Amino acid sequence: IRVCMDSSTVFARGELDTIENEWIGLPVFKDANDSYESKEMNYNLKTQKGLIRHVVTEQGEGYLLADKTKKMEDNALMMHGGKYTTCDDHDHPHFYLQLTKAKLNPGKSIAAGPAYLVLADVPLPLAVPFGFFPMTKKYASGVIMPQFGEDLERGLFAKNGGYYWAIN
């Protein structure tokens with residue numbers, strides 16, 4: 001960890017143990033209820049902005065990983081080369097949604113686009129031009145996305161869609 005009091009900047013980086021081939025001493029940034037583990041980070045204490053490399057953070061029921069991340073003064077994270085997964089293996093997830101660009105508002109939402117599904121290191125031809133993932137801890141009314149498919153008897157179809165109405 002390097003701290004420069006003149007410019008109010010902090011630089012922290014983990015080290016690679018070449019014998020065990022593991023990262024040790026990874027910096028962890030804690031902000032309110034959220035924590036961000038990374039391999040390298042620069043942070044300005046005055047402006048509350050930072051640049052984070054190889055970040056891992058738990059958001060909702062999944063994990064968000066990104067190669068390059070900018071932390072803005074409003075606590076929003078602008079990510080490039082990100083992944084969203086529920087797999088516990090952060091270094092090599094078995095499945096994930098590859099996010100080309102994403103904006104994370106911690107505890108509120110993730111907006112991303114374009115994104116595509118990757119399974120066992122194989123990119124699948126399932127892509128979305130834009131995605132919005134709200135992260136609420138309470139029930140909310142909203143549209144339930146249907147499942148699309150194809151059947152020999154019925155042809156193309158959409159099923160299990162609708163609207164969820166939260167009574168409370």
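From a predicted model like this one, the values you see are computed outputs, not experimental measurements.
- In this structure, the side chain of T100 engages the main chain of P114 through a donor-acceptor pair within 3.5 Å.
- How far CG of L124 is from CG of L117: 5.0 Å, rounded to the nearest 0.5 Å.
- Residues W23 and G14 share a closest heavy-atom pair of CZ3-O, 3.3 Å.
- Shortest non-hydrogen contact noted between L99 and A115 is CD2-CB, 3.8 Å.
- A 4.5 Å side-chain heavy-atom check between Y96 and C87 finds every atom pair outside the cut-off.
- A donor-acceptor contact under 3.5 angstrom links the side chains of H92 and D121, judged on distance only.
- A continuous path of Ile, Leu, Val, Met, Phe, Trp and Tyr side chains, each step under 4.5 Å between heavy atoms, connects M5 with L45, placing both in one hydrophobic cluster.
- Between the side chain of T86 and the main chain of G62, no donor-acceptor pair closer than 3.5 Å is present.
- With respect to L26, the side chain to side chain contact (heavy atoms under 4.5 Å, CB included) criterion is satisfied by exactly one of H54, E40, E37, M41: E37.
- Two residues are said to be in side-chain contact when any heavy atoms from C-beta on lie closer than 4.5 Å; I110 and N105 fail this criterion.
- S38 has its side chain out of reach of F29: every pair of non-hydrogen atoms, C-beta onward, lies at least 4.5 Å apart.
- Judged by distance alone, the side chain of N44 and the main-chain N or O of T47 form a donor-acceptor pair under 3.5 Å.
- Hydrophobic clustering (ILVMFWY, side-chain heavy atoms < 4.5 Å, transitive): V55 and V10 are in one cluster.
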Using a 3.5 Å cut-off and no angle test, enumerate the donor-acceptor pairs between side-chain atoms of residues 63-84 and protein atoms at least two apart in sequence or in another chain.
residue : atom : partner : partner atom : Å
Y63     : OH   : D88     : OD1          : 3.4
K71     : NZ   : Q48     : O            : 3.2
K71     : NZ   : N75     : OD1          : 2.9
D74     : OD1  : A76     : N            : 3.2

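- Heavy-atom contacts from other residues, nucleotides or ligands closer than 6.0 Å to CD1 of I1 number 12 or fewer.
- F95 is listed as a side-chain neighbour of T85, based on a closest heavy-atom distance under 4.5 Å.
- Of all heavy-atom pairs between E150 and F157, the closest is N-CE2, 3.3 Å.
- No path of Ile, Leu, Val, Met, Phe, Trp and Tyr side chains, each step under 4.5 Å between heavy atoms, connects F130 with L97, placing them in separate hydrophobic clusters.
- Side-chain contact between Y36 and V28 is absent, with no heavy-atom pair separated by less than 4.5 Å.
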